[in-house]
Amino acid sequence: MPSSGIFISFEGIDGAGKSTHIEALAAALRAQGRTVVLTREPGGTPLAEKLRTLLLHDAMDPLCEALLMFAARRDHLQQVIEPALARGEVVLCDRFTDATFAYQGHGRGFDLDTLGTLERWVQALPPGGVRQPDLTLWFDLDPAIAAQRLAGARVPDKFEAQPVAFFRRVADGYADRMAQDPGRFARIGAEGTPDVVREAVLGACRSRPWWREIAP
């Protein structure tokens with residue numbers, strides 16, 4: 001295994017199929033004997049899961065929401081992600097910082113420069129870097145289709161209950177992040193069948209130079 005591990009994030013709105021395909025990739029890697037840490041944001045640690053409950057259900061202003069997101073992320077990085085990467089493991093994370101820019105930044109209209117400052121503080125790596133995934137898989141799906149998939153599946157949280165226009169702004173946010181860092185992103189057309197999407201996920205992974213090290 002690479003000494004620094006591999007970090008892959010799964011991004012997209014609810015209903016795009018992230019959960020199905022993150023589980024499938026984790027199972028495929030574990031079947032090859034790889035150690036996989038499957039986690040999520042907000043969440044991933046006892047503290048961050050408590051903050052997740054607040055974030056998904058309690059009313060708060062956009063700044064408070066952003067600060068809590070990054071507080072949960074800091075604990076998640078310190079307690080789970082960085083130790084796993086140091087052990088050479090594969091970390092698969094259901095959402096990371098791109099979601100904050102998409103949801104709080106573009107969806108809520110919160111200041112992107114402030115989010116960028118928080119990103120640099122919370123994800124700082126010596127001697128001056130910023131922790132980002134090695135690969136971000138963006139499951140891009142028309143919000144109207146996502147809403148149809150979720151209809152009746154569960155009681156929506158405060159984000160899932162937003163109108164379609166909100167999720168169109170979120171999609172614009174993901175597109176903006178990909179434009180800023182195209183080498184890190186792979187757009188996955190999430191409207192296809194599960195088999196088609198799975199092949200797109202594997203294809204995006206196989207295109208990376210480190211893939212042979214984690215999935216020979």
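What you see below is based on every heavy atom in this structure, not just the backbone, and it leaves out hydrogens, waters and symmetry mates.
Summarising the geometry of Val37 relative to Glu89, their closest heavy-atom pair is CG2-OE1, 3.3 Å, with the distance given to 0.1 Å. Smallest separation of non-hydrogen atoms from Phe101 and Gly116: CZ-N, 3.6 Å. The shortest heavy-atom contact between Pro143 and Val164 is CB-CG1, 4.0 Å. The two atoms that bring Leu135 and Cys205 nearest to each other are CD2-SG, 4.0 Å, heavy atoms only. Nearest heavy atoms, Ile22 versus Asp94: CD1-N, 3.6 Å. For His106 against Arg169, the heavy-atom pair with the smallest separation is CB-O, 3.3 Å.
In this structure, CZ on Arg73 lies 9.5 Å from CG on Leu118, to the nearest 0.5 angstrom. The CG atom of Leu55 sits 10.5 Å away from the CD atom of Glu41 when rounded to the nearest 0.5 Å. A distance of 11.5 Å separates NE2 of His76 from CG of Leu47, quoted to the nearest 0.5 Å. One distance of note links CZ of Arg131 with CG of Asp134; it measures 7.0 Å at 0.5 Å rounding. Atom CH2 of Trp138 sits about 10.0 Å away from atom CD1 of Ile13, to the nearest 0.5 Å. In this structure, Thr100 OG1 and Phe70 CZ are separated by 5.0 Å, a value rounded to the nearest 0.5 Å.
The number of heavy atoms from other shown groups lying within 6.0 Å of CZ (Arg198) does not exceed 12.
In the hydrophobic cluster analysis, where Ile, Leu, Val, Met, Phe, Trp and Tyr join through side-chain heavy atoms closer than 4.5 angstrom, Phe110 is grouped together with Trp121. There is no path of hydrophobic side-chain contacts, each under 4.5 Å, that joins Val130 to Val80. The hydrophobic cluster containing Leu56 also contains Leu51, counting ILVMFWY residues as joined when their side-chain heavy atoms lie under 4.5 angstrom apart, directly or transitively. In the hydrophobic cluster analysis, where Ile, Leu, Val, Met, Phe, Trp and Tyr join through side-chain heavy atoms closer than 4.5 angstrom, Leu125 is grouped apart from Ile8. In terms of hydrophobic clustering, with Ile, Leu, Val, Met, Phe, Trp and Tyr side chains grouped at heavy-atom distances under 4.5 Å, Trp210 and Leu137 are assigned to a common cluster.
A salt bridge is absent between Lys50 and Asp75; no separation between the charged side-chain nitrogens and carboxylate oxygens falls under 4.0 Å. Ion pairing between a basic and an acidic side chain is recognised when a charged N comes within 4.0 Å of a carboxylate O; Arg177 and Glu11 show no such pairing.
Between Asp58 and Thr53, the closest side-chain pair of non-hydrogen atoms is not below 4.5 Å. Counting heavy atoms from C-beta outward, Arg34 and Ile6 have side chains that stay 4.5 Å or more apart. With contacts defined as side-chain heavy-atom distances shorter than 4.5 Å, the pair Thr136/Phe96 does not qualify. Looking only at side-chain heavy atoms (C-beta outward), Gln104 and Pro62 stay at 4.5 Å or farther from each other.
Using cut-offs of 30° and 60° for the angle between ring planes, the Phe167 and Tyr103 rings count as perpendicular.
Between the side chain of Arg95 and the main chain of Gly12, a donor-acceptor pair closer than 3.5 Å is present.
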**Q.** Worked verdict on Leu38 versus Arg30 for side-chain contact (heavy atoms from CB on, under 4.5 Å)
**A.** CA-CA 11 Å; Leu38 189 58; Arg30 286 169 177 153; 4.0 Å; yes

Q: Check the pair Asp140 / Tyr174 against side-chain contact (heavy atoms from CB on, under 4.5 Å), numbers first and verdict last.
A: CA-CA 9 Å; Asp140 187 17; Tyr174 279 124; over 6 Å; no

